[in-house]
Amino acid sequence: MKFRPLHDRVVLRRIEGEEKTKGGIIIPDTVKEKPQEGEVVAVGPGARDEAGKINALDVKAGDRVLFGKWSGTEVKIDGQDLLIMKESDIMGVVAA
């Protein structure tokens, strides 16, 4: 990717949800909600504190994370639909 986020920003790719319910009912695209789970694609170096020291981020590329429904800014980079958000908008890392 030709994009490097700055400060405490994170680039995510949404992970699409299931096409069917557990009961086998197919969910049409018009009714589906945007997924709130994603994979971290790239991270910035971290935010600076008052002393000027950089605080590294807790997430890294490849982590699966949960984020708020309306978090981030949607962008298109290299033909991919991605989200850019601050690390503070991420609620947590999903364990593998």
* Asked: Quick one: does D78's side chain have a donor or acceptor within less than 3.5 Å of a partner on Q80's backbone?
  -> no
* Please answer: with hydrophobic residues joined when any side-chain heavy atoms are less than 4.5 Å apart, are V93 and V10 in the same cluster? => yes
* To do: Find the distance between CD1 (I54) and CG (D49) and round it off to the nearest 0.5 Å.
  => 9.5 Å
* **Reference residue V11; test side-chain contact (heavy atoms from CB on, under 4.5 Å); the match among L83, V75, V41, V40** => V41
* R14 side chain near F67 side chain, heavy-atom distance below 4.5 Å -> yes
* Would a 4.5 Å heavy-atom cut-off, applied to side chains only, mark H7 and E87 as touching? -> no
* To do: List the atom of G72, the atom of M85, and the distance in Å for their closest heavy-atom pair.
  => CA-CB, 3.6 Å
* Asked: Can a salt bridge be assigned to the pair D89 and K86 using a cut-off of 4.0 Å between side-chain N and carboxylate O?
  -> no
* Of all heavy-atom pairs between G44 and L57, which one has the smallest distance, and what is that distance? -> O-CD1, 3.5 Å
* Structure fact -> When rounded to the nearest 0.5 Å, the distance separating CG of L82 from OG1 of T73 is 12.0 Å
* Is the shortest side-chain N to carboxylate O distance from E39 to R13 below 4.0 Å? -> yes
* To do: List for me each residue that meets side-chain contact (heavy atoms from CB on, under 4.5 Å) alongside L66, sequence neighbours excluded, and say none if there are none.
  => E37, V94
